[in-house]
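Here the structure comes first, spelled out in structure tokens, and everything after it is commentary.
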Amino acid sequence: MGLREIFRTAAALLSLIGIPATAAVPTLYITGDSTVNNHSKGLLGWGDPIANYFDASRIHVENDARGGRSSRTFLTEGLWDSVLAKLQPGDFVVMQFGHNDGGALTDIRHRASLKGTGEDTAEGPNDSGQMETVHSYGWYMRRFVDDTKAKHAVPIVLSPVPRNIWENGKVVRASRDYGKWAQEAAQREGAFFIDLNEITARKYEALGPDVVKAKYFGEDHTHTTPAGAEVNAQSVVEGIRGLKDCALNNYLLQAAETR
């Protein structure tokens with residue numbers, strides 16, 4: 001076992017018992033839904049394989065995404081507060097939401113946010129049967145960014161990974177809804193933004209729908225196989241490398257070092 005693998009193993013074991021890997025290195029916290037963190041039926045989210053692209057001796061990577069969550073429920077269920085409580089100056093937070101934000105407020109899963117980035121609100125039920133004030137998707141994303149900056153950490157907003165849905169030989173983009181709104185939220189609050197939706201969609205189109213379905217997706221058009229998760233992780237890394245003046249670049253391994 002090499003030195004890098006030893007660091008990764010030690011960091012993972014310490015994380016399991018609630019001890020930070022080391023106070024001397026920053027942490028990259030990854031937040032999102034099941035496209036980011038998923039271990040069901042041979043599927044995988046990109047939040048796990050992306051750790052292999054970072055120098056484990058210099059940064060700790062923690063995947064705090066949770067399946068089935070929207071930007072709204074990641075906040076209202078206290079998942080965001082758990083991340084925030086651990087956040088230290090110099091840490092990084094990657095946030096990718098949108099897949100579960102759609103639908104009506106009356107949907108049985110009670111996770112929809114309002115469409116757009118505005119300040120409008122509405123009353124909707126939660127899983128406890130209580131009515132709560134529901135904000136727009138953009139409002140929740142801005143909340144995550146502002147909270148991160150208040151902790152002197154670095155927020156990085158991602159558009160949601162594309163689903164395996166095609167029209168006229170092209171992958172359907174999120175450029176008119178959640179991808180657009182994610183970018184607007186990031187720009188408004190001065191956060192870094194990665195158009196993950198576009199980067200991965202171009203990779204899919206280079207291969208074609210038949211190959212993409214066979215290699216990268218399970219039973220549905222949203223959840224990826226380990227191979228699909230790897231593609232999305234590579235897309236996130238590509239996006240990070242393209243961010244001018246983002247310190248997270250300093251912790252990425254060179255291509256030859258990546259395992």
Side-chain angles (χ1 to χ4, degrees), residues 29-38 45 47 64-85 87 93-151 153 155-165 167 171-198 201 220-223:
Y29 293 98
I30 302 174
T31 62
D33 51 39
S34 59
T35 64
V36 186
N37 195 350
N38 190 3
D64 287 317
R66 189 76 63 84
R69 271 56 178 191
S70 63
S71 62
R72 169 189 169 189
T73 55
F74 200 82
L75 177 66
T76 58
E77 291 182 14
L79 298 170
W80 175 246
D81 286 341
S82 295
V83 173
L84 203 60
L87 205 55
V93 182
V94 167
M95 48 197 78
Q96 183 224 277
F97 293 95
H99 287 103
N100 299 315
D101 280 81
L105 296 185
T106 54
D107 283 354
I108 192 170
R109 293 192 178 184
H110 305 139
R111 61 189 185 183
S113 59
L114 301 184
K115 293 177 172 58
T117 61
E119 299 295 334
D120 47 322
T121 62
E123 294 299 308
N126 58 30
D127 283 341
S128 299
Q130 305 296 316
M131 298 298 288
E132 68 178 39
T133 299
V134 180
H135 300 269
S136 72
Y137 167 79
W139 185 94
Y140 291 107
M141 299 304 288
R142 293 196 303 273
R143 167 72 181 269
F144 298 153
V145 169
D146 290 344
D147 285 352
T148 300
K149 293 175 72 174
K151 288 276 193 169
I156 304 173
V157 178
L158 276 57
S159 58
V161 293
R163 301 179 192 271
N164 186 32
I165 300 176
E167 287 184 1
V171 176
V172 174
R173 306 298 205 268
S175 55
R176 295 184 178 180
D177 44 53
Y178 292 100
K180 173 177 179 287
W181 301 331
Q183 183 174 22
E184 290 174 350
Q187 290 175 339
R188 177 168 166 177
E189 303 306 314
F192 290 108
F193 173 73
I194 295 173
D195 195 352
L196 177 58
N197 189 266
E198 177 64 27
D220 59 37
H221 53 42
T222 301
H223 300 102

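A quick note: this is a predicted structure, and the numbers were derived from the prediction, not measured. By convention here, the first residue in the shown sequence is residue 1.
Between the side chain of Asn126 and the main chain of Ser128, a donor-acceptor pair closer than 3.5 Å is present. Side-chain atoms of Asp107 come within 3.5 Å of backbone atoms of Ala104 as a donor-acceptor pair (strictly under, hydrogens ignored). The backbone N or O of Val83 sits nowhere less than 3.5 Å from a side-chain atom of Asp64 that would complete a donor-acceptor pair. No donor-acceptor distance shorter than 3.5 angstrom exists from the side chain of Arg163 to the backbone of His221, with no hydrogens or angles considered. The main-chain N or O of Val171 is found under 3.5 Å from a side-chain atom of Arg173 such that the two form a donor-acceptor pair.
Partners of His135 by ring-ring contact (aromatic ring centres under 6.0 Å, His included), not counting sequence neighbours, listed by chain and number: Trp139, Tyr140.
Rounding to the nearest 0.5 Å places CG of Leu196 at 10.5 Å from CD of Glu198. Atoms CG and CZ, on Asn37 and Arg69 in that order, are 10.5 Å from each other to the nearest 0.5 Å. Taking CD from Gln183 and CG from Asp195, the interatomic distance works out to 6.5 Å, rounded to the nearest 0.5 Å. The line from OG1 of Thr133 to CD of Glu123 is 3.5 Å long, rounded to the nearest 0.5 Å. Distance check, rounded to the nearest 0.5 Å: OG1 of Thr76 to CG of Asp81 gives 10.0 Å. Note: Phe74 CZ to Ser113 OG = 14.5 Å, rounded to the nearest 0.5 Å.
Contact detail for Arg142 and Ala185: the closest heavy-atom pair is CG-CB, 3.9 Å. Counting all heavy atoms, side chain and backbone alike, Phe193 lies closest to Gly179 at CZ-O, 3.9 Å. Residues Ser71 and Tyr137 approach most closely at OG-CD1, 3.6 Å, considering heavy atoms. Closest heavy-atom contact between Ser159 and Ala182: CA-CB, 4.3 Å. Annotation for Asp101 and Arg72: closest pair OD2-N, 4.0 Å, computed over non-hydrogen atoms. Smallest separation of non-hydrogen atoms from Gly103 and Ala112: O-CB, 3.6 Å.
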TODO: Output, in order, the C-alpha distance, side-chain angles, deciding distance and verdict of side chain to side chain contact (heavy atoms under 4.5 Å, CB included) for Thr31 and Phe97.
DONE: CA-CA 8 Å; Thr31 62; Phe97 293 95; 3.7 Å; yes
TODO: For side chain to side chain contact (heavy atoms under 4.5 Å, CB included), just list the numbers for Tyr178 and His99, CA-CA rounded to whole Å, side-chain angles, deciding distance to a tenth of an Å, and then say yes or no.
DONE: CA-CA 8 Å; Tyr178 292 100; His99 287 103; over 6 Å; no
Open item on the list: Between Gln96 and Asp33, does the side chain to side chain contact (heavy atoms under 4.5 Å, CB included) criterion hold? Intermediate values first, please.
Closed with: CA-CA 7 Å; Gln96 183 224 277; Asp33 51 39; 3.7 Å; yes
Task: Steps toward side chain to side chain contact (heavy atoms under 4.5 Å, CB included) verdict (Thr148, Trp80) - done: CA-CA 10 Å; Thr148 300; Trp80 175 246; 3.3 Å; yes
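Under 4.0 Å is where a charged nitrogen must lie from a carboxylate oxygen, and between Glu184 and Arg188 no such pair does. Looking at Asp147 and Lys151, no side-chain N of the basic residue comes within less than 4.0 Å of a carboxylate O on the acidic one, giving no salt bridge. A salt bridge does not link Arg66 with Glu77: none of the charged nitrogens is closer than 4.0 Å to a carboxylate oxygen.
Here the rule is side-chain contact (heavy atoms from CB on, under 4.5 Å) with Arg111, and of Asp127, Thr73, Val134 only Thr73 fits it.
No side-chain heavy atom of Thr117 sits less than 4.5 Å from a side-chain heavy atom of Met141. Using a 4.5 Å heavy-atom cutoff, the side chains of Met131 and Pro125 are in contact. Contact of the Pro155 side chain with the Met95 side chain is registered, since non-hydrogen atoms from C-beta on lie closer than 4.5 Å.
For Glu167, the CD atom is loosely surrounded, since the number of other residues' heavy atoms within 6.0 Å does not exceed 12.
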